Amino acid sequence: MDLFKVIPLVALSLGEVALVSAIVLLINRRIAKSYADQPDQQFRRQSILVATVLIALLTIILILPLPNETRGALLSLFGIVLSATIALSSTNLVGNIMAGIMLRSVGSFRLGDYIRVGEYFGRVSEMDLLHLEIQTEERDLTTIPNTYVAANPVRVMRTSGSILSVELSLGYDVSRHEIEKLLLEAASRCDLESPFVQIRALGDFSITYAIAGLLTDVKSLLSQRRALRAATIDVLHEAGVEIASPLLVNTREFSSRHGFVPPAVEPIANNEVNSDELVFDKALKAEDLDKLRARREELSAQLAKAADANEPNTTRIERLEQWLARLDERIAEKESTIRGDK
């Protein structure tokens with residue numbers, strides 16, 4: 001008698017499970033078809049699928065013909081498993097969010113700044129609650145978790161200027177005074193402010209010099225660094241100074257008349273590509289967007305102040321509203337460009 005009661009319940013339960021599974025399968029196929037031509041939206045597709053499976057499991061527990069005590073125990077187990085899974089998997093998530101809030105509160109850098117975090121160097125192109133994105137000198141985009149940024153020293157290049165330097169080793173047979181004079185000439189050709197020469201090391205066979213100066217236009221870091229190196233080579237060769245270590249005699253024999261200064265040639269036309277704009281394009285766009293948002297906040301504050309006045313100036317309010325509308329258009333355009341810049 002009990003068997004005849006159990007069989008219909010089992011059959012009903014299996015039918016309900018099969019029905020819910022079939023619905024989940026159909027939804028999965030529909031979602032997969034909808035996102036088939038959108039490979040960049042696979043995270044959204046997977047999130048929808050996970051949510052569908054969880055809802056299906058909860059539905060099965062609720063519709064199964066079970067005693068109230070058993071259903072309550074299954075719901076409790078489902079909640080415990082789900083909570084434990086979220087708790088274990090959200091450790092890094094919560095850590096990155098807290099680190100992101102801390103970085104924004106400290107405000108040591110902003111979009112467009114040059115920073116070095118550990119072994120990574122580049123310009124900040126995106127700041128999020130979960131990660132920091134920098135654009136490297138190879139024009140690639142590197143995503144760094146906020147916890148890594150918070151746990152490592154961050155070196156920020158000052159927007160007011162940074163010291164640009166070049167090192168090289170020269171033999172003891174050349175006067176130090178002559179070398180310092182030539183290196184200062186190289187720095188002056190690159191318009192570096194307050195140039196100075198350092199003697200970094202006295203080696204067994206050569207002296208290590210460093211020419212340095214203040215670069216005020218930090219946005220031209222790559223081009224100015226290249227220019228300083230080129231100017232250093234040029235001034236030393238023009239003065240007949242060999243940029244070669246005396247150790248060369250240990251690996252190759254040269255006569256005493258052989259020099260290491262190339263013959264003078266006519267310089268090529270100055271038609272070089274602006275490497276800084278090419279390399280850090282997204283970071284520059286992000287910096288411009290940040291400035292537009294700051295300008296919008298300023299105009300919004302002015303508009304609110306003008307509207308709260310006892311005798312509001314209608315003409316001024318209309319002008320501010322027009323400026324805000326144009327700013328909104330530019331901000332939306334910039335945001336669209338940055339989102340599509342991968």
Side-chain angles (χ1 to χ4, degrees), residues 40 96-97 99-167 187 190-193 210 212-231 270 272-298 327 330-342:
D40 57 328
N96 280 311
I97 292 175
I101 295 174
M102 184 200 73
L103 292 174
R104 287 181 176 272
S105 301
V106 174
S108 57
F109 57 86
R110 58 187 301 175
L111 292 174
D113 286 348
Y114 285 95
I115 67 169
R116 181 180 294 279
V117 186
E119 61 182 11
Y120 304 103
F121 173 76
R123 298 189 70 173
V124 180
S125 57
E126 186 176 331
M127 296 177 64
D128 203 344
L129 276 179
L130 299 178
H131 72 276
L132 174 73
E133 182 186 81
I134 63 173
Q135 194 165 17
T136 65
E137 295 181 70
E138 291 76 27
R139 200 174 178 269
D140 300 326
L141 301 175
T142 301
T143 301
I144 307 174
N146 283 334
T147 50
Y148 182 89
V149 181
N152 289 273
V154 180
R155 192 176 80 180
V156 183
M157 183 176 293
R158 299 176 61 182
T159 55
S160 59
S162 180
I163 297 299
L164 185 64
S165 64
V166 172
E167 284 191 5
C190 300
D191 298 326
L192 296 180
E193 296 184 7
L214 179 63
L215 174 66
T216 54
D217 183 15
V218 295
K219 292 183 178 180
S220 61
L221 172 66
L222 297 186
S223 56
Q224 285 296 95
R225 187 171 61 188
R226 184 261 178 201
L228 180 58
R229 292 171 178 172
N270 188 14
E272 299 177 0
V273 176
N274 191 326
S275 55
D276 295 273
E277 293 183 2
L278 176 65
V279 171
F280 299 115
D281 58 333
K282 184 176 181 180
L284 290 171
K285 294 174 185 176
E287 182 182 14
D288 292 340
L289 177 60
D290 192 49
K291 292 179 180 178
L292 289 176
R293 288 171 175 168
R295 177 58 178 165
R296 191 193 186 287
E297 292 181 1
E298 181 183 347
L327 269 178
R330 293 180 61 188
I331 289 173
E333 182 181 353
K334 286 281 186 181
E335 290 177 340
S336 177
T337 304
I338 291 175
R339 282 196 299 268
D341 193 1
K342 298 297 183 182

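Heads up: numbering here begins at 1 and tracks the sequence. Every value quoted in this text rests on a predicted model; they were computed, and no experiment measured them.
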K.L.:
Might you point out which heavy atoms bring Ser125 and Leu141 nearest each other, and give the distance in Å?
P.N.:
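Heavy atoms only, the tightest pair is OG-CD2, 4.1 Å.
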
K.L.:
Testing the basics here: between Ala99 and Thr147, what is the closest heavy-atom pair and its distance to 0.1 Å?
P.N.:
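Closest approach of Ala99 to Thr147: CB-N, 3.9 Å.
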
K.L.:
CZ/Phe121 to CD/Gln135 distance, rounded to the nearest 0.5 angstrom?
P.N.:
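Rounded to the nearest 0.5 Å, the CZ-CD separation comes out at 12.0 Å.
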
K.L.:
Does a side-chain heavy-atom distance below 4.5 Å link Thr216 with Glu193?
P.N.:
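Answer yes - side chains close enough.
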
K.L.:
If you measure from CG on Asp288 to CD1 on Ile331, what distance do you get to the nearest 0.5 Å?
P.N.:
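Answer for the CG-CD1 pair, Asp288 versus Ile331, is 11.5 Å.
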
K.L.:
How many angstroms lie between CZ in Arg123 and CE in Met157, if you round to the nearest 0.5 Å?
P.N.:
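CE of Met157 is found 9.5 Å from CZ of Arg123.
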
K.L.:
About how many Å separate CG of Leu214 and CG of Asp191, when rounded to the nearest 0.5 Å?
P.N.:
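Those atoms lie 12.0 Å apart.
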
K.L.:
With side-chain contact (heavy atoms from CB on, under 4.5 Å) as the test, would you mind laying out the steps for Leu215 and Cys190 before giving the verdict?
P.N.:
CA-CA 9 Å; Leu215 174 66; Cys190 300; over 6 Å; no

K.L.:
If every non-hydrogen atom of Leu222 is compared with every non-hydrogen atom of Glu137, which pair is closest and at what distance?
P.N.:
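Closest approach of Leu222 to Glu137: CD2-OE1, 3.2 Å.
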
K.L.:
I'd like to know whether Arg295 forms a side-chain contact (heavy atoms from CB on, under 4.5 Å) with Leu292, so could you lay out the CA-CA distance, the side-chain angles of the two residues, the decisive distance to 0.1 Å, and finally the verdict.
P.N.:
CA-CA 5 Å; Arg295 177 58 178 165; Leu292 289 176; 5.6 Å; no

K.L.:
Got a second to check how far Asp128's CG is from Asn146's CG, nearest 0.5 Å?
P.N.:
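Here the interatomic distance stands at 7.5 Å.
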
K.L.:
Of all the heavy-atom pairs spanning Met127 and Arg104, show the shortest one and how long it is.
P.N.:
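Minimum heavy-atom contact is O-NH2, 2.7 Å.
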
K.L.:
Which heavy atom of Leu221 sits nearest to which heavy atom of Leu164, and what is that distance?
P.N.:
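Reported closest heavy-atom pair: CD1-CD1, 3.9 Å.
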
K.L.:
Give the minimum heavy-atom separation between Ile115 and Val154, together with the two atoms involved.
P.N.:
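Looks like CB-CG1, 4.3 Å.
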
K.L.:
Using the side-chain contact (heavy atoms from CB on, under 4.5 Å) rule, pick out the option among Ile101, Leu130, Leu129 that qualifies with Asn96.
P.N.:
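Of Ile101, Leu130, Leu129, side-chain contact (heavy atoms from CB on, under 4.5 Å) with Asn96 is met by Leu130 alone.
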
K.L.:
For the residue pair Tyr148 and Tyr120, does the interplanar ring angle fall in the parallel (under 30°), tilted (30 to 60°) or perpendicular (over 60°) class?
P.N.:
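Perpendicular: the ring planes of Tyr148 and Tyr120 meet at over 60°.
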
K.L.:
How far does CD of Glu126 sit from CD of Glu133, to the nearest 0.5 angstrom?
P.N.:
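So the gap between those two atoms works out to 5.0 Å.
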
